[in-house]
Participant: 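Once you've had a glance at the structure underneath, I'll fire off some questions.
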Amino acid sequence: MEQHVKTRSDAPAGFFAVEAAGLRWLAEAQGARTAEVIDVEPDRIALERIAGVRPTADAAAGFGAALAATHDAGADAFGSPPPGHHGDIFIGRRPQPARPTATWGAFYAAQRVEPFVPVAVAAGNLSASGAEVVGRACEVVAAGAFDDHEPPARLHGDLWAGNVLWSPGGVVLIDPAAHGGHRETDLAMLSLFGCPFLEDIVAAYDRARPLRTGWRERTPLHQLHPLAVHAAGHGPSYGRALVDAAERTLALV
């Protein structure tokens with residue numbers, strides 16, 4: 001099997017191990033396909049090499065239905081990391097908490113948005129007034145304004161188009177930040193940066209596992225996480241987008 005090898009000499013403890021655990025956990029759902037882990041060491045991971053093809057509507061629809069199955073496989077709790085892993089997980093190179101939490105809002109605010117806000121402020125990408133708006137949104141989210149009866153979903157956690165590979169056999173996922181969360185978060189991240197045939201993906205997902213009324217309006221809420229991550233290190237435009245998403249979240253209450 002041809003391999004794709006990633007290395008990082010300064011990888012923090014567990015960096016590649018949790019990536020491997022996340023890929024395997026997602027694969028166990030027998031929904032969306034993930035790249036097979038061939039080998040993992042503290043400073044490297046070897047994955048199967050995925051041959052690329054042009055995206056198609058049929059492949060997108062197959063992925064949408066498969067993603068619904070992955071989410072339905074569930075997790076022990078909101079914030080749960082892949083089984084066998086303890087401690088932080090990583091989104092890109094940034095650590096983020098993975099502590100099991102009883103309610104989604106408390107988990108999402110404290111572990112997916114708030115940790116990145118002071119980093120974004122220190123980087124000059126988020127103003128103090130903007131951070132205050134984000135903080136107010138987090139207070140509302142943590143208080144349970146958007147909690148529902150959805151059980152914890154098995155999320156990819158970093159589902160942007162760059163981690164969606166189009167292969168001859170359909171979509172293959174790579175580079176997860178897998179954890180237990182709300183299924184709308186994966187879909188919101190997928191839409192944030194654009195993805196080929198996105199509407200076909202979502203339509204097939206909705207047919208397989210109907211989305212709750214108002215999910216499109218809640219997209220800014222679920223984009224707080226990726227926007228906060230990007231505001232921490234990718235410039236002030238993401239800080240402004242984060243504030244806008246926070247304002248739109250507050251407007252939903």
Side-chain angles (χ1 to χ4, degrees), residues 4 22-23 26 31-35 50-71 90-94 96 108 112-113 116 120 125-126 134 153-179 181-209 211-212 214-249 252:
H4 172 71
L23 286 167
L26 295 171
R33 184 185 161 203
T34 61
I50 306 299
V53 300
R54 187 181 298 275
T56 67
D58 285 346
F63 170 50
L67 181 62
T70 298
H71 288 167
F90 299 87
I91 183 162
R93 287 179 167 245
R94 292 190 180 276
Q96 59 184 0
Y108 187 70
R112 289 297 173 269
V113 186
F116 303 102
N125 296 334
L126 180 65
V134 176
R154 188 171 304 189
L155 297 193
H156 177 279
D158 192 8
L159 196 61
W160 70 287
N163 290 337
V164 176
L165 304 185
W166 303 81
S167 81
V171 165
V172 181
L173 301 180
I174 60 170
D175 293 350
H179 64 278
H182 198 294
R183 63 197 183 112
E184 290 178 12
T185 307
D186 262 357
L187 295 175
M189 186 178 291
L190 195 62
S191 69
L192 181 60
F193 302 109
C195 182
F197 297 101
L198 178 61
E199 289 305 316
D200 294 279
I201 295 170
V202 172
Y205 185 108
D206 191 44
R207 288 192 296 271
R209 175 76 157 81
L211 292 155
R212 290 176 53 246
W215 70 269
R216 288 189 187 274
E217 289 73 21
R218 289 188 295 275
T219 296
L221 160 67
H222 291 279
Q223 289 178 344
L224 290 172
H225 172 221
L227 288 171
V229 171
H230 279 71
H234 293 280
S237 63
Y238 286 106
R240 293 190 292 271
L242 174 60
V243 174
D244 178 69
E247 290 173 338
R248 291 165 68 189
T249 297
L252 293 172

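Each residue takes its place number in the sequence, starting with 1.
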Participant: With no hydrogens and no angle check, do the side chains of Gln96 and His225 hold a donor and an acceptor under 3.5 Å apart?
Facilitator: yes
Participant: Charged N to carboxylate O below 4.0 Å: is that the case for Glu247 and Arg240?
Facilitator: no
Participant: Measuring from atom CG of Asp158 to atom NE2 of His179, what distance do you get when rounded to the nearest 0.5 angstrom?
Facilitator: 10.0 Å
Participant: Kindly indicate whether the side chain of Val171, heavy atoms from C-beta on, has any atom under 4.5 Å from the side chain of Leu165.
Facilitator: no
Participant: Could you go step by step and tell me if Glu199 and Arg216 meet the salt bridge (charged side-chain N to carboxylate O under 4.0 Å, His left out) rule?
Facilitator: CA-CA 12 Å; Glu199 289 305 316; Arg216 288 189 187 274; 3.2 Å; yes
Participant: Of all heavy-atom pairs between Asn125 and Ala231, which one has the smallest distance, and what is that distance?
Facilitator: ND2-O, 3.0 Å
Participant: Let me see the working for Val202 and Trp215 under side-chain contact (heavy atoms from CB on, under 4.5 Å), right down to the final yes or no.
Facilitator: CA-CA 11 Å; Val202 172; Trp215 70 269; 3.5 Å; yes
Participant: Quick check: closest heavy atoms across Trp166 and Ala60, and the distance to 0.1 Å?
Facilitator: CZ3-N, 3.6 Å
Participant: Any idea which heavy atoms bring Ala208 and Ala65 closest together, and the distance?
Facilitator: CB-CA, 4.1 Å
Participant: Using 0.5 Å steps for rounding, measure from the OG1 atom of Thr56 to the CZ atom of Phe63.
Facilitator: 13.0 Å
Participant: Would you mind reporting whether Gln223 and Ser191 have side-chain heavy atoms less than 4.5 Å apart?
Facilitator: yes
Participant: Roughly how far, to the nearest 0.5 Å, is CG of Leu198 from OH of Tyr205?
Facilitator: 13.0 Å
Participant: Below 4.5 Å, heavy atoms only, C-beta onward: do Pro176 and Leu23 meet side chain to side chain?
Facilitator: yes
Participant: Go through the steps to decide whether His222 and Leu187 satisfy the test side-chain contact (heavy atoms from CB on, under 4.5 Å), and finish with yes or no.
Facilitator: CA-CA 9 Å; His222 291 279; Leu187 295 175; over 6 Å; no
Participant: Relative to each other, are the rings of His230 and Tyr238 parallel, tilted or perpendicular (30° and 60° limits)?
Facilitator: tilted
Participant: Does the side chain of Ile50 reach to within under 4.5 Å of the side chain of Arg33, using non-hydrogen atoms?
Facilitator: yes
Participant: Between Leu192 and Trp160, does the side-chain contact (heavy atoms from CB on, under 4.5 Å) criterion hold? Intermediate values first, please.
Facilitator: CA-CA 8 Å; Leu192 181 60; Trp160 70 287; over 6 Å; no
Participant: Going through the checks in order, is the side-chain contact (heavy atoms from CB on, under 4.5 Å) test met by Ile201 and Val164?
Facilitator: CA-CA 12 Å; Ile201 295 170; Val164 176; 5.8 Å; no
Participant: Strictly by modelled atom types, are His71 and Asp186 linked by a side-chain donor-acceptor pair under 3.5 Å?
Facilitator: yes
Participant: How many angstroms lie between atom CG of Leu211 and atom CD of Glu184, to the nearest 0.5 angstrom?
Facilitator: 6.5 Å
Participant: Once rounded to the nearest 0.5 Å, what's the spacing between atom CD1 of Ile174 and atom CG of Asn163?
Facilitator: 5.0 Å
Participant: Using only atom types and a distance under 3.5 Å, with no angle test, would you say the side chain of Arg94 pairs donor to acceptor with the backbone of Ala232?
Facilitator: yes
Participant: Please give me the minimum heavy-atom distance between Ala241 and Leu227, naming the atom from each residue.
Facilitator: O-CD1, 3.6 Å
Participant: Considering only heavy atoms from C-beta outward, does the side chain of Leu26 approach that of Arg154 to under 4.5 Å?
Facilitator: yes
Participant: At what distance, to the nearest 0.5 angstrom, does OH of Tyr108 lie from CG of Leu221?
Facilitator: 5.5 Å
Participant: Any idea which heavy atoms bring Ala161 and Gly194 closest together, and the distance?
Facilitator: CB-O, 3.2 Å
Participant: I need the minimum non-hydrogen distance between Met189 and Pro226, along with the two atoms involved.
Facilitator: CE-CB, 3.7 Å
